Number of protein chains: 2
Amino acid sequence: MAYKTEHITQQLRAAREAQKMSQRELSARSGLTQSHISQIERGTMEPGLGSLVDAARALDLEVILAPKKLMPAIRNILDSTSVSTDVLTSDQRKLVGRLDRWFAQHRGAFASASEADTFKDSLALLRHLPLPAEEMDTFKEATARLDRWQDDPPSRQELSRIAHAVRQIRNAAVHRDRDAVVPRSAYALDEEDDNA
Amino acid sequence: MAYKTEHITQQLRAAREAQKMSQRELSARSGLTQSHISQIERGTMEPGLGSLVDAARALDLEVILAPKKLMPAIRNILDSTSVSTDVLTSDQRKLVGRLDRWFAQHRGAFASASEADTFKDSLALLRHLPLPAEEMDTFKEATARLDRWQDDPPSRQELSRIAHAVRQIRNAAVHRDRDAVVPRSAYALDEEDDNA
DNA sequence: CATAATGATACGGTTTTATATATCAACATT
DNA sequence: AATGTTGATATATAAAACCGTATCATTATG
């Protein structure tokens, strides 16, 4: 049915999820109904152009028409440029990187696969979400145990505790982020962009 | 009404006109109704996403979502790359240029202002539309009389005849251009009446 | 465990899109 | 002068979109 517009609506969903925004929050920002959004994302219904623009704007996206022949060049810009601003402290970057490498080799150490996935997901987010100094300490502290995994491998229970702690930090960061780090994201308030 | 989507639909119309395509032809290529297209372009109604995509495809355009922050870069691509590729023979370029200069000085020689305008319009198009060799001959032949305007000024009737001939060449070029240069633009035709 | 948040659905009701078809005035073409 | 083409409209009808609201199963969270 909505074969022609599938990629667009799919992109909408991807953008929303990338911003960790719920359908209900997007609903509030865009003026569309949550049920409406769900159906659009699922392909159950095809949005009107107006709805698409509303949803897109709420996600900091623009609906544009581009000549086919220019698409390669545009695509180049679109997926080469990393999306987030990456204003992390080098401390955070290093720590996340270290944990990342650790995880690559020891994911099997977790109690369950889902727990490992949760941990990985937390890491993925903390790679992009800046953490305030104090929380960085908590983060460091929570994962300090992993530094000694070599000569003293942590038990699964210890790992669970650590993963849970990291998860909490992630959650805190995500929630604070919406209003603090990405405050001028969507709204129609800032119509004024820089000039061309 | 359709304030949010005005620029998009406006762009649609601009693209269609730039390709010298009539609403009826776009209708045939896109599957939409001519009346539908008219209303969309006028802003009387807001198209669904499906309709927009259909119309866009028929015009060799793509509907895409782009992050706002990347818009400057994209806009750069969009309007830096100018119009058509201009693959004219040097013969055609020269001839058009000469006629252009001639016209700049002798537009008053035409029978009416509108006839002069028509001639200018034809020239403007032939500056960008490549002409096959045979037609170039016809073109040259039709305007040969102007080469002797100096010592033997052509009558208004002669001018009318020439202008008309040039106009015909222009028309043929436009039609051929649409069917040749934009052959694989729209798939809508293939779906419905798939005649070879 | 209890609670809250999430996404998927459902349904009745209003509004809008979209089609099919035709007409019309303004031009363009032959 | 006769004929085609163009874009704007009109009307009637079918088909969706869109909203409100509400429910439900999962999953996340405290």
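If you're wondering where the values come from, they're calculated on a predicted model, not measured in any experiment. Lettering follows sequence order; numbering is per chain, from 1.
Between A/Arg57 and A/Glu62 a salt bridge is recorded (basic side-chain N to carboxylate O distance below 4.0 Å). One finds no salt bridge joining A/Asp54 and A/Arg29 here, because no Lys/Arg side-chain nitrogen approaches an Asp/Glu carboxylate oxygen to under 4.0 Å. In summary, A/Glu41 and A/Arg16 engage in a salt bridge, as defined by a charged side-chain N under 4.0 Å from a carboxylate O.
Counting any heavy atom pair closer than 4.0 Å across all strands shown, B/Gln34 reaches a base atom. Residue A/Gly31 is classed as a sugar-phosphate contact, given heavy-atom separations below 4.0 Å to backbone atoms only. Contacts of B/His164 with the nucleic acid, taken as non-hydrogen atoms under 4.0 Å apart, include base atoms.
The side-chain contact (heavy atoms from CB on, under 4.5 Å) test with A/Pro67 singles out one residue from B/Asp60, B/Leu59, B/Leu61, and that residue is B/Leu61.
Side-chain N/O atoms of A/Arg13 include one lying less than 4.0 angstrom from OP1 or OP2 on C/dA8. One finds a side-chain N or O of A/Ser22 lying less than 4.0 angstrom from the OP1 or OP2 phosphate oxygen of C/dT6. Put simply, B/Ser38 has no side-chain N or O that comes within less than 4.0 Å of OP1 or OP2 on D/dG7. A sub-4.0 Å separation between OP1 or OP2 of D/dA8 and a side-chain N or O of B/Arg42 is present. For A/Arg16, a side-chain nitrogen or oxygen approaches OP1 or OP2 of C/dG7 to under 4.0 Å.
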Quick one: do B/Leu99 and B/Val166 satisfy side-chain contact (heavy atoms from CB on, under 4.5 Å)? Show the steps, please.
-> CA-CA 11 Å; B/Leu99 291 176; B/Val166 170; 5.6 Å; no
What do the steps show when you test B/Val53 against A/Ile8 for side-chain contact (heavy atoms from CB on, under 4.5 Å), and what is the final call?
-> CA-CA 10 Å; B/Val53 168; A/Ile8 299 178; 4.2 Å; yes
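Closest to the B/Arg24 side chain, of the nucleotides D/dG7, C/dG7, D/dA17, is D/dG7. Checked against C/dT23, C/dT9, C/dT19, the side chain of A/Gln39 finds its nearest nucleotide in C/dT9. Minimum atom distance to the side chain of B/Thr33 is reached by C/dA20, of the listed C/dT17, D/dG7, C/dA20. Distance from the side chain of B/Ser35 is smallest to C/dT19 among C/dT19, D/dA17, C/dG7.
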Give DNA chain C the dot-bracket treatment, 5' to 3': Watson-Crick (N1-N3 with N6-O4 or O6-N4) or G-U (N1-O2, O6-N3) under 3.5 Å, [ ] crossing, | other strand.
-> ||.||||||||.||||||||||||||||||
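Straight-line distance from the CG atom of A/Leu32 to the P atom of D/dT21: 16 Å, rounded to whole Å. For the pair B/Ile37 CD1 and C/dA18 P, the interatomic distance rounds to 12 Å; values are reported in whole Å. Rounded to whole Å, atom P of C/dT23 lies 19 Å from atom CD of B/Gln23. Between A/Leu26 atom CG and C/dA8 atom P the separation is 12 Å, expressed in whole Å. Remark: C1' of C/dT17 and CG of B/Leu49 are 13 Å apart, rounded to the nearest angstrom. Separating the CE atom of A/Met21 from the P atom of C/dA5 is a distance of 17 Å, rounded to the nearest angstrom.
Using the six-membered ring where Trp is involved, A/Phe110 and A/Phe103 have ring planes that are tilted, between 30° and 60° apart.
When every heavy atom of A/Met71 is checked against every heavy atom of B/Ile64, the shortest pair comes out as CE-CG2, 3.7 Å.
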